[in-house]
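We name chains A, B, ... by the order of the sequence lines, and we start the count at 1 in each one.
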Amino acid sequence: MNTVLLIAREEWRLWARSRVVLVAALIVAVLLAVTSAITAARVGDEAAKRTARQASAEATFFAQPDRHPHRMVHYGHYAFRSPPPLAAFDPGVDAVTGQSIFLEGHRQNTAMFADTRSGADLGGFAALNPANLYQLLLPLLLIIIGHGMVLRERESGTLAVMLAQGQSGLAIAGGKALALAGVAALFLLPVAGLAGFSVAAGEAPLAAAILVAGYALYLGVWVALVLAVSLLVRQRSVALGLLVFAWLLIALIVPRLAINAGSAAVDAPGKIESDLVMLAQQRALGDGHNAADPAFDALQKQVLEQYEAASIEELPINWRGVVAGYSEAKLTDLMNGYAEARMQKEAQQSRIVTLFGLVSPTLAVGASSRTLAGTDLATHHRFLRESEALRFDFVQGLNDLHAKALTYADDAARSADPEAEARTRVNADAWRLLETFRFVPDPATQRVARAGLPLALMLIWLAALGGVIAVGARRLRP
Amino acid sequence: MSAVLREARFLLRDRGALLWIMLALLLSVAATGFGIAEVRDQRATIAELLVEDARDRANALAGQSDWGGAAYAAFHLTYAPPSEFSFAALGQRDTAPWLHRVRMLALEGQIHEADTKNADFGLIGRFDFAFLAAAVAPLLLILLLHDLRGQERVAGRHDLLVATAGKPSRLWLPRAGLRFAGLATALLLPFWAGAAIEGAGMAKVLAASALVLGALALWWLIIELVGRAQASPPVLLTALVGIWLALALLVPAVARAAIEASTPVPDGAEILMLQREAVNGAWDLPKEATMRPFLAAHPEWEPLGEVTRPFEWKWYFAFQQVGDGQAAPVAKAYREGRIARDRAAGIAAFLSPTALVERGFERLAATDTAAMIAYEDAVRAYHGELRAFYYPMLFRDPPYDPAVLSQLPGYTPAQ
């Protein structure tokens, strides 16, 4: 054990004297610090803004004057997706998906106004955030620092001396691994700091801890890869070339090819496409604005029987409101079916992309990071589902009011009779039926469970590379 | 000439170099192939939707008994088909909508709908030819060329070779040139084949090829200048990768952050809220309050502009347009902000060959921000046509005749 530490310490001493290592490490450290501060400030600002907008949307709804309840169904409401605390580290899909959604009767709208739509387009990876730096830049730093670890000893002839002194290849590899892992651990401090910061802001400690562990695992994979190449390759320039090539493949090429593959393998229809298919079905359900639509005959018969009434005029409730509520429920069922199918297709695509983590740990760490931060596609889907539930609740609450607070006679006469119209206006206190909405991601345990697959993929990488290193170290010859 | 032949023989025996060139070829085939598949998929989607859209509209119009009901019920598909060159650069098509279904209601409530794909696609990005040429190819060139001198130094032949060659350029130029040509050919051949399959215009293909070659030549120059330093191949490679990182990643990211901070864009959600308040508020206002601003914008309907009944379609559609009008200043600022940011990004791209190549490809493919805004403008213009078609019916209110609706304007995408 002592030898391992000695070898590691020797390596650290050497790196501390190397200008290339110091300059590279310093640049990365500064970048990380600056990006972390900027992202944390920006996301915090954004979260405050969206929470304020959500509150103001609710206040606006409550402040509406006395009205016919169906007018409020069309007046509608907004739901905002506030970024969770860990978005300060990994904003994830936040910039790509819309942040707010307009909720109204008879329709499911899309989330609108994504940042990317108004962003300055400077090509592929023009967005810097701490998560990106960890995923792309830190592996390069480890490569630059560590590619010569064993090769240096080989080239200078000290490897032969060490082996002759009776140090085992395993101890040498262990010492080198410890040395580079120490550097990686040092560079885990910013993410650990941001994780702590997010816990202070209300994030679950479990999710924050596993997020940091995921990055530790990721950097561990790179440490192992760098060490393995340094052990097995005989020339320094070849080792560096090989590692840069591996980085190019793992960090840049495979993730994008995975997107191509996911998109080609699963055809997820867009909303307009699936809405068109849905519309044909929807028409068969009847128009909820038109209570005389023959589609409602069966409902009418049933309601008349229930209230033992001979005609809709005799009903103690407003038939128009009944129809509005009934057709909204039917329609929502239909819309949810299509929305669910669409989301499942997207989730399938993303699962294919995540499975490419078997080839690229960068993809795996990205998936686990977004999942744990609550900024992944599944969390966006959760937002869509929850805002839909919110929409359905207030619309049905208003429809209930429409059925119970208004008389059928007034409701039918309101277009022609101003007095009847006045009686169909419901007191504005009723608008309080709208529930307050504050979006939060899934509970930490669920996020951790979802991150299990990508984390396992990285473990597989680490185990495989560990095996390669062990074999290579045992066979280490000068 | 003999120097080139000699170097060609050397290259054929240099397994490392052949590996990078083969890899470039494979990646280019993959990028082009996936690009073509995606573009065809999008075209098939549009073709399918056009049929469905017509069927749905016929269905919606069949049950109508008045002009206003028809205008309310009929949706119209608008779309931006991918260009023949899009296969090389999908650009904004993954994040910006290129499909809408609009009707006569207030447009601001419809045009911002985002029919976008899986958010992960927009986040990670596709591996298209533009990305390959802009970001990956320079790294491959670096890997190919960084240790030409270093190899010879390690082999102990460097000084001898330089001395016998007379001029150093006679030695290194053919060697590096051949590798450069090999890489460029491996990249461009599949791209040209793809362009031929897709029928992309010759001028565009030539411009794109020139862009790729120009950017790669710039990288060659950088590698050459750095390579002259008396340093070991690993240090040279480290320096070159550092330069690549700075130019491909950091400069665009910093430029983007700076542009977005200095050119604010109004919050899009504000457009919708303004429009909603205006449209919904109109129900509670006297009809005059809607008709006055409407008739000011459309004086031709002044003689028929009086609303007498509690509900009239002409009033209903008038307040839809007035609602659009109220949101117009913010919508305009949003549009102009995006254009200003894009213009600034176009200038900033000169600092980064990567951004320059990607933007160049997106422009050639009409998948850049400008093209997406042009599509939105086309949707606005089309919506205007719909209004121009329906207003005479709504205001003059001739007897309802479904046959007239066969003359409804259709959307034709710009080419």
J.: Under a 4.0 Å threshold between the charged nitrogen and the carboxylate oxygen, would A:D275 count as salt-bridged to B:R101?
T.: no
J.: Does any heavy atom of chain A fall under 4.5 Å from the side chain of B:R359, the backbone, both, or neither of them?
T.: side chain
J.: Consider only side-chain N and O atoms of A:Q348 and A:Q344, and report whether a donor and an acceptor are under 3.5 Å apart.
T.: no
J.: Using 30° and 60° as the class boundaries, would you call the ring planes of A:F102 and A:Y78 parallel, tilted or perpendicular?
T.: tilted
J.: Under 4.5 Å heavy-atom distance to chain B, tell me which part of A:R414 shows up: side chain, backbone, both or neither.
T.: neither
J.: Inspect the surroundings of CZ in A:R152 and state if more than 12 heavy atoms from other residues, nucleotides or ligands are less than 6.0 Å away.
T.: yes
J.: Does any heavy atom of chain A fall under 4.5 Å from the side chain of B:E260, the backbone, both, or neither of them?
T.: side chain
J.: Parallel, tilted or perpendicular: which fits the ring planes of B:W244 and A:W247, with parallel below 30° and perpendicular above 60°?
T.: perpendicular
J.: Is it the backbone or the side chain of A:T60 that comes under 4.5 Å from a heavy atom of chain B, or both, or neither?
T.: side chain
J.: Measuring heavy-atom distances to chain B, does A:S100 have an atom under 4.5 Å in its side chain, in its backbone, in both, or in neither?
T.: side chain
J.: Answer yes if the side chains of A:H381 and A:E346 hold a donor-acceptor pair under 3.5 Å, and no otherwise.
T.: yes
J.: Where on A:R107 is there a heavy atom nearer than 4.5 Å to chain B: the side chain, the backbone, both, or neither?
T.: side chain
J.: For A:L140, is it the side chain, the backbone, both or neither that has a heavy atom under 4.5 Å from a heavy atom of chain B?
T.: side chain
